[in-house]
Each structure stands twice: as C-alpha cells, then as structure tokens.
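Encoded as structure tokens, the structure appears first; notes follow it.
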Amino acid sequence: MRNADIAEAFEELASLYELDGAVVYRVVAYRNAAKAIREAGVSVEELARQGRVEELAGVGKTIAEKIDALLETGSIPSADKLKARIPPGLIEVTRIPGLGPKRARQLHQELGITSIADLREAAEQGRLKEVPGFGKKAEENVLAALAAGADGRPKPRLVLSEALPVGEEMVAALRDQPAAVRVQLAGSARRMTDTIKDLDIVAAASDAAALVEAFCGMSAVDEVYVSGEAGAKAVTHSGLPVDLRIVPAEAFGNLLQHLTGSGKHNEALRTEAVRRGLHVSEYGIADDETGETVAFATEEQVYERLGMQFIPPELRENRGELEAAREHRLPGLIELGDIRGDLHMHTVLSDGRNTLEEMVDAAAEHGYEYIAITEHSATHGFGSGVPPDELRLRVERIRSLEGPGITVLAGTETNVLPDGSLDYADDVLEELDWVVASLHTSFRMPEKEQTDRMLRAMEHRLVDVIGHPTGRMIGRRDSYELDVDRVIAKAVETGTFLEINANPNRRDLNDVYARSAAEAGAMLVIDSDAHRADTLRRNMRYGVATARRAWLAAEQVANTRVWPELARMRKRER
DNA sequence: GCCGTTTTCGGCCCGACTGTTTTCAGTCG
C-alpha cells in the first residue's frame, strides 16, 4: 500500500471521528498522523513491517496498531464501525462553505441528511432554517454555495506555474505604486508548493486606501468581493482568488510570516513558543513576563526573537525545520544561480518545437556553461522517436557545431523497455556524452515488476540518470507503481543520478522523495526537460524550488558542477 | 490520540468573521 493510500484512510477516519463528535484533539492527532505518513519519504508499509512506524512524529501506539490492521485486512476496524453509523456522504457536506462537522452532524440528526443531494433538497424545501442554530441566512448561504457549483468535492488546485507569474506581476505592479512601502507575495506560492488554491499578497502602505484602489483597478482583476483599509479580496479573470492584506510597516514581518505559513509550521512554531511564555500572532509576539506585544518589521526579526535561524519559506512545512533552526543547523539551500548546465531537453528532431541551434542559443543567452541534447529514442511513439542512424547523424552535427559559445553534449532520453533493457544498442550509447533513461510506456505494471524494470536500467553502465523517476503528472496522473526506496538504494549502489524534472507539471522526483534520496547519499540532477526555448528558460526555477523544499544544498545536485567535474562523476568513469 | 530539559497526566496556536444567540459556538485561514 502506498503512503498516499494509507494517509487517505486516516484522513477519512479523522473526518468520521469529527462527525461523530470526538474531541478535536483526537481528530487533529489523526490528521497529523496522516500528514506524517504522506510525507514519510520512505515506505510506511515497510516501516510497519519492521515495527518502526512509531518513529514517525505523530504516530503512537494506537495509530500504529491501526496501520497494521489496515495493511493486513485492507480496512481499519474503528473506521468500519463509524461508517455503519455515519454516512460517508456527510464528509462532502462538511465541504460546503459555512458548514463544518458540527453543523453537518446536526443536519444528519435533525433532518436525516446523508449527502449533498439531501442537503439541496432540504434547503430548497425550506427545512434547513427550521433546524436549531440555523436560520434564514444559513439556508440562503447553502443555496448560494450549491448554485455557485459547490459539490462537496475538494476544490481543484492550480499548478504553481499557472498562478505564480500572475502573482508576481501583481506584486510588481503594486510595488510601482507611490503608496507602496513594502509588497510581498506570501502563502503557498511563496513556499513554492506544487499546487496552490489562491494568492496572498502582503503590503505596507503610506496610503492604504490608494494601494487598495490600485489593486482593485488592476487589469488582471475580474471581480472584487471585499475592500477596505485593511486590504481586499478579489478574483482574477482566470478564476484565481487573490487576497491583499495591508498592515503597518512596523508589523510587516509578523503578517508576512503568518500568511506565508504553512498552517502546520505556524501551529508548531506557536506551540513551542508558548512553552517559553511567548504568544505569536500576525500582530506581534506577546511576552507573558512583560505583558507586552512587540511587532517586527521583518521576518528575520520574528525568527530571531524566537531564538531561531531565518527559515526559508520553502522549508516551512513542519518537517523538522523548526528544530533545525533552533539548533542553527539549517542547510544552505541551492539557488537558481548555482545551476551551470541543463542535461535534458528536446528539439524538433523528436517532439520539441525549436531547432538544435535555437536551443543552444537560448541556453547560451541564459548563461549556461553546458547543455545536453536528449531526444527521445527509437520506440518513443507518436512518430517522434529517433532511430539509431538518425541519432548518429545528430551526434555528428552536434560535434560540428561552430562556435556555440557553450559546451553542447550529445545525449539521449532513451526509453526503458518493459523488460528493463534500453532502446539503443550499447555501441550507439557509447558515442554519447550523456544518457537519460526514462519510462514512457507500460505504466500499469505491478509494483514489483515496474521496480525491477527500473533497477535493471540503473544497472546499465551507460545510464547516467533516471528521468522523471516516478512518472507523475501533477493533478492529472499518479505515479506508476514503484518502490522508490529500492530505486534510491540502487541509485546509491550504482552511482546512477536521479532527476528532479523541473517541468512544473512534473516536479519529479518530488520534494519528499528528493530529500530521502539525498539523505541516502544519492546524487540529483535538476533538468528542464524543455521542449521549446522558452521552457528552457522558465522551468528550471520550479525544479530548484523542489530541490530547496527537499533541503538540498548545491553540492547534492550534480549540475551545479562544471562539466569536466560532472563528467568524471558519471558511473562510466568510476 | 500524542507527547514530555515544566509533565507518564494534562496540556494541545491565534485571531477574524458570521449568524444566531441574549453571551458565543462554529467555521475559516
């Protein structure tokens, strides 16, 4: 069972307990455990087999037993019992804005509501407002939410690359306003998460009303819901909600820290502060001893007051960063400027949109020292594969490029065939400087076979790196079944690099796996996988962001090296 | 339900908003 599936079961159990009226701390405990399981970075099933799941923070004796039961029987007995009493459709009811577990439970008890359909019917018949604690307004709000398309399913999230440029443009435009003192993007966009649901912008202004007015008048803004001296809530033409919050410059650091989150990071930070008599909020830090609240203009000061190193936003996920910051042992994270070359890209020869020369020019202009041209191999399909003889011609053409200004390496992205063999004969691969091996077919193989397939490819002497190792497409396709623990172990054993594919729809390996890989001693490579010149320029920041979220330093990423040094690190040279 | 250089029991972040209530519970971020 995958960590995501186990986590899902505990999320559901938490919601069921919540609807059953359990004390909130029990519910929170299950949600925390679900997060710990999802982000474990190693197989929780394997941990359970070794009797080590309680090593996960937030997993104690009771939850460990439930994990065992889930793995053994496919379900959790307490969840089965709860489901007999609480219709699972109520969980969807709790996702209607304004309705939470308490009110959904009440609707179930008073009106027998078990689903969104029941809720709609009751609201339309005017029965909702008769329930104690509900009223005319509550019923109207439910009807309005349903009419607006709320259906109880979690709201779809946007891939970061669809929202981040919008947010950055808005921030830049606000900074140009004479009333702006400080403007900063916050929220999950600042933490560079894979997906986001809205944009948060924090500002300090000499004239708050003027800045809010400028915000509401921006061309990207479609509709403004709320606006005042404290900020505004709006939605863009693409349907992206944007919150602007304005705060006095003296407390800018507190609000920025608060709104950057994550919620879990802030919660843990505040819990720890309370033990020392400090109370952290978006307005400042209150000290029990003096009874005074002190505001801070910068985030650096906020963390310093709490006795911590500044924590880069990408690390603020409550994954150990608070403890590390207290002990002043946060890693120096890799930066975009550390990347010296890009080792995975395509041209018109396979399925790219730009020519070899155009990609070389774009890379040179971008300031790279080297790139590898890595077309798809012969069996790629869609008529875009490159047969061996064509690849040989391509190698010759690369070798004869005149004055490209950068080092251009001849490479391939070769398919790994279902049996784990490669798509080109060894004598063809021998002519190349760089070999990416990726899975593009037979995604439905069972985990054991899929993993064995990949491990066999990794044992090949000429495979330098595994491309987009898990095959996920964010929001569109799950990873194929793969035992990533074994892949990481094989990478360490063989000296095969693992890619962080920087395509913002992939970001694969993800942050959690990349961190595990680096901790195990594997070497990573961050590649754009560009299919056109503009994505060559644009993708890399998302890959670097994933690496930062994985706590990686530049040394742990191979393409921060100059090419001669990186060339010597390939396993064929060892 | 989890956790511990305050604790193996008694805590468990903070504040805004809403609607309904007659002083606050529930929801949200």
Side-chain angles (χ1 to χ4, degrees), chain A residues 10 13-14 16-37 53-67 76 78-79 93-107 128-142 144-145 150 155 186-188 191 196-200 202 225-226 228 230-231 233 241-243 245 247 251 254-255 257-286 288 293 302 306 318 322-323 326-327:
Chain A
F10 281 95
L13 182 54
L16 290 169
Y17 270 127
E18 193 173 39
L19 281 165
D20 195 42
V23 291
V24 294
Y25 298 113
R26 180 143 70 135
V27 175
V28 167
Y30 279 110
R31 298 229 159 99
N32 286 340
K35 176 182 186 286
I37 291 163
V53 271
E54 287 184 55
E55 289 174 17
L56 295 172
V59 175
K61 195 160 170 289
T62 306
I63 292 180
E65 281 168 11
K66 291 185 196 303
I67 292 173
I76 304 169
S78 49
V93 173
T94 67
R95 297 205 189 99
I96 301 299
L99 298 184
K102 297 277 161 53
R103 313 195 93 200
R105 175 181 150 95
Q106 201 181 0
L107 291 175
L128 236 49
K129 61 177 177 294
E130 309 303 332
V131 176
F134 285 71
K136 195 158 159 288
K137 188 72 187 160
E139 188 169 274
E140 282 170 15
N141 288 344
V142 166
K155 284 216 182 80
S188 48
R191 302 199 314 279
I196 71 164
K197 68 172 172 48
D198 60 14
L199 291 172
D200 294 292
V202 177
Y225 295 114
V226 192
K233 286 178 190 296
V242 188
D243 274 14
R245 285 275 299 267
V247 64
N254 300 100
L255 185 63
Q257 194 282 327
H258 171 73
L259 284 180
T260 297
S262 64
K264 293 288 183 194
H265 170 88
N266 285 347
E267 197 179 319
L269 173 143
R270 290 168 178 191
T271 301
E272 200 266 338
V274 168
R275 288 202 204 103
R276 295 186 290 137
L278 299 174
H279 302 271
V280 181
S281 80
E282 60 263 56
Y283 302 106
I285 299 179
D288 282 342
T293 299
V302 173
L306 298 171
N318 195 27
L322 291 163
E323 196 186 1
R326 275 196 301 279
E327 294 166 3

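We name chains A, B, ... by the order of the sequence lines, and we start the count at 1 in each one.
OP1 and OP2 of B:dC13 both lie 4.0 Å or more from every side-chain N or O belonging to A:S281. The side chain of A:T271 contributes no N or O atom lying less than 4.0 Å from OP1 or OP2 of B:dC12. One finds a side-chain N or O of A:H279 lying less than 4.0 angstrom from the OP1 or OP2 phosphate oxygen of B:dC14. Phosphate contact (OP1/OP2 of B:dC14, side-chain N/O of A:N266, threshold under 4.0 Å): absent.
Along DNA chain B, the nucleotide nearest A:G263 and the nucleotide nearest A:A138 are compared for position; the residue whose nucleotide lies closer to the 5' end is A:G263.
Going from atom CD of A:E140 over to atom P of B:dT20 covers 9 Å, rounded to whole Å. Nucleotide B:dG15 holds its C1' atom 14 Å from the CG atom of A:N254, rounded to whole Å. When the C1' atom of B:dC12 is taken as reference, atom CD of A:E272 falls 14 Å away, rounded to whole Å. Residue A:K136 contributes atom NZ, which lies 14 Å from atom P of B:dT21 at whole-angstrom precision. Regarding A:N141, its CG atom lies at a distance of 8 Å from the P atom of B:dT20, rounded to whole Å. Between the OH atom of A:Y283 and the C1' atom of B:dA16 there is a distance of 7 Å, given to the nearest Å. Remark: P of B:dT21 and CZ of A:F134 are 11 Å apart, rounded to the nearest angstrom. If you measure from atom CD of A:Q257 to atom P of B:dC14, you get 13 Å, rounded to the nearest angstrom.
In terms of modelled atom types and a separation under 3.5 Å, the side chain of A:R105 and the main chain of A:D20 share a donor-acceptor contact. A donor-acceptor contact shorter than 3.5 Å links the side chain of A:R270 to the backbone of A:V280.
Across every strand in view, B:dG29 sits in a pair with B:dC14 that passes the Watson-Crick or G-U test at under 3.5 angstrom.
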Which pairs, protein N/O on one side and nucleotides 3-6 of chain B N/O on the other, fall under 3.5 Å?
| unit_1 | atom_1 | unit_2 | atom_2 | d |
| --- | --- | --- | --- | --- |
| B:dC3 | OP1 | A:G58 | N | 2.7 |

What does the list of N/O pairs under 3.5 Å between the protein and nucleotides 25-29 of chain B look like, with a distance for each?
| unit_1 | atom_1 | unit_2 | atom_2 | d |
| --- | --- | --- | --- | --- |
| B:dT27 | OP1 | A:G100 | N | 2.7 |
| B:dT27 | OP1 | A:G100 | O | 3.1 |
| B:dT27 | OP1 | A:K102 | N | 3.4 |
| B:dT27 | OP1 | A:R103 | N | 3.0 |
| B:dT27 | OP2 | A:K102 | N | 3.4 |
| B:dC28 | OP1 | A:G98 | N | 2.8 |

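The stacking criteria are not both satisfied for A:Y25 over the base of B:dC2, which would need a centre-to-centre distance under 5.5 angstrom and an angle between ring planes under 30 degrees.
Pairing each heavy atom of A:N266 with each of A:G261, the nearest pair is ND2-CA, 3.7 Å. For the pair A:L56 and A:A36, the tightest heavy-atom approach, listed with the atom from each and the gap, is CD2-O, 4.3 Å. Here the closest non-hydrogen pair linking A:L128 and A:F134 is O-CB, 3.4 Å. Here the shortest heavy-atom pairing between A:A104 and A:L19 reads CB-CD2, 3.9 Å. Heavy atoms only, all atoms of each residue included: A:A186 and A:V202 are closest at CB-CG2, 3.9 Å. The nearest pair of heavy atoms linking A:K66 to A:S78 is NZ-OG, 3.1 Å.
The gap from the C1' atom of B:dG26 to that of B:dT21 amounts to 13 Å, rounded to the nearest Å. B:dT6 sits 15 Å from B:dC12 when the C1' atoms are compared, rounded to a whole Å. Spacing of C1' atoms, B:dT8 relative to B:dA16, comes out at 37 Å, to the nearest Å. Look at the C1' atom in both B:dT20 and B:dA25: the space between them is 10 Å, to the nearest Å. For the C1' atoms, the distance from B:dG29 to B:dC13 is 12 Å, rounded to whole Å.
Contacts of A:V28 with the nucleic acid, taken as non-hydrogen atoms under 4.0 Å apart, are absent.
For A:K233, the NZ atom is loosely surrounded, since the number of other residues' heavy atoms within 6.0 Å does not exceed 12.
Of the candidates A:K102, A:R31, A:R26, A:E18 forms a side chain to side chain donor-acceptor pair (under 3.5 Å) with just one, namely A:R31.
Expressed to the nearest 0.5 Å, how far CZ of A:R191 lies from NE2 of A:H265 amounts to 9.5 Å.
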